> 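Mind looking over this structure? Questions follow.
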Amino acid sequence: MPMNTGFSVRHRAARKGGVHSPGRLPAVVIGAGPYGLATAAWLSAAGTPRRVFGEPMECWYANMPAGMYLKSVPAASSISTPESGYRLEDFRAARGRGPVGDRYPIPVEEMIAYGRWFQERRLPELEREKVRAVEHVDGLFAVTLESGEEFLAGKVVMATGQVPFAYEPPELTGALPGELVSHTSRHRDLSRFSGQRVAVLGAGQSALESAALLHEAGALPTVIARAASVAFGSPPDTDRPSDRPRPVRILQPGSALGPGWSHVACCYGGGVIRHLPQGTRMRLLHNVLGPSGGWWLRPRMDDIPVLRGRTIRSAGAEDGTVQLDLVDADGHARVLRADHLLLATGYRVDVGRLGLLAPELRREIRTFQGVPRLSAGFESSVPGLYFTGLAAAPTFGPVLRFVAGTGFAARRLVRSVAAGTRTRP
Ligand SMILES: Cc1cc2nc3c(=O)[nH]c(=O)nc-3n(C[C@H](O)[C@H](O)[C@H](O)COP(=O)(O)OP(=O)(O)OC[C@H]3O[C@@H](n4cnc5c(N)ncnc54)[C@H](O)[C@@H]3O)c2cc1C
């Protein structure tokens, strides 16, 4: 691994008429989740010099609960690469496991093993180290690693995922001491709550699956849902979409996001979505595949109380426990006491929270509602700085929230990085 020369990279970048041009320096990919791995694989195929950093699939084993199942079906859970032989089904075949269809919920442990297998075969050069800081110096990027090594990069791809964007409702900020409240992304092992009353805030997959896992681990969860009802998906009619009757396939064609023309449009229309008005894109992001639980969760929720149509008016701590003041649409109030409040409140993109980007660099990025404005090639208003994964979903649509979007994103992004050209964000 290259060592720090002791000669400040910022100094080198700032030298007028310096030898560095963005094209000669490596492109740096930060993050080795599905989007970082796919970007790196496509960069590698394009022959672009690159350095890729991160622990493979870290978010999946550190920030998601053990024992969870993926909501996406196997056909929509492969990490993209230009070469064949690296799909989830190839991994399963390599492990002596047979093919699986839409009725097979993928255990998170299988997805983690698949991601690591992909990395070992497709990206052995991955540097399993954290990037500490990125600064913008005279059109280049000064990258500092946790080890202290510093180097210059011509391009930087932020594939740092959703964890920095974990969302806490503002009305709860500071209302409870840290040990009484936490976001779901902070938990790998929910069995630590065994025997405790846990109020779970939210009505999406994360809330419902956390509640089921808490219940199965001997905790006493109560779900607090703002919506008047809690939705679950339906089990797929057939294991393979092609086995559905032809008229059904025409009315509701299959896609990586599930059957239906609107889902097909979101899967293939990212380039068009980018041109829609901002409000429409944000609505698409929140409403397509809105909050609901996977079909296999429904029976596991039978014994779990769900308080529907309730919001938290105020929260406080009393005798080391949580006291939640809940209110419904008619203004009826009730108090819920719990030992812990688990926030299954999702993620909201906000560039301001990406602490590894120097504050001056963050200020240079043009945003809307905290979201980076991106070109058709995923480049931000700072030339050479790219965002992929969830940070790009408000621009290109909901498929970017899922592994299924890795192909769309990596192809476009890598074309832009390799060409060194850019279109206006
Ligand atoms: C509970 C839950 C269930 C989900 N279920 C599904 C599902 O069923 N199907 C699906 O398609 N999607 C699912 N998702 C969404 C899924 O997480 C994303 O699709 C996917 O992880 C996005 O990949 P990514 O590479 O953008 O982000 P991540 O997987 O989050 O990877 C980002 C990586 O960047 C690394 N990183 C961050 N900062 C640095 C740094 N400074 N230096 C080096 N590395 C860094 C992190 O360690 C992390 O490994 C789920 C998400 C959650 C929270």
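The analysis underlying the following values was restricted to heavy atoms, covering all of them including side chains, and did not include hydrogens, waters or symmetry mates. Bear in mind that the values here come from a model prediction, so they are computed numbers and not experimental data. Read the numbers this way: they start at 1 and go in the same order the structure lists the ligands and their atoms.
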> Tyr61: what forms a ring pair (Phe, Tyr, Trp, His ring centres under 6.0 Å) with it, not counting sequence neighbours?
none
> For residues 261-272, which side-chain donor-acceptor pairs fall under 3.5 Å, sequence neighbours excluded?
residue : atom : partner : partner atom : Å
Trp261  : NE1  : Ile250  : O            : 3.0
Trp261  : NE1  : Leu251  : O            : 3.4
His263  : ND1  : Gly258  : O            : 3.4
His263  : ND1  : Pro259  : O            : 3.1

> Write down, by chain and number, every protein residue that brings a non-hydrogen atom to less than 4.0 Å from an atom of ligand 1.
Ile30, Gly31, Ala32, Gly33, Pro34, Tyr35, Gly36, Phe53, Gly54, Glu55, Glu58, Cys59, Trp60, Met64, Met68, Leu70, Lys71, Ser72, Glu129, Lys130, Val131, Ala159, Thr160, Gly161, Gln162, Tyr347, Leu356, Gly389, Arg401, Phe402, Val403
> Is the closest basic N to carboxylate O distance between Arg121 and Glu83 below 4.0 Å?
no
> Under a plain distance cut-off of 3.5 Å, with no hydrogens placed, do Ser147 and Glu149 share a side-chain donor-acceptor pair?
no
> Could you measure the distance from the CD atom of Glu209 to the CE atom of Met301? Nearest 0.5 Å is fine.
10.5 Å
> Report all side-chain donor-acceptor pairs from residues 30-46 shorter than 3.5 Å, counting only partners two or more places apart or in another chain.
residue : atom : partner : partner atom : Å
Tyr35   : OH   : Leu400  : O            : 3.2
Tyr35   : OH   : Phe402  : O            : 2.6
Thr39   : OG1  : Tyr35   : O            : 2.6
Trp42   : NE1  : Ser80   : OG           : 3.0

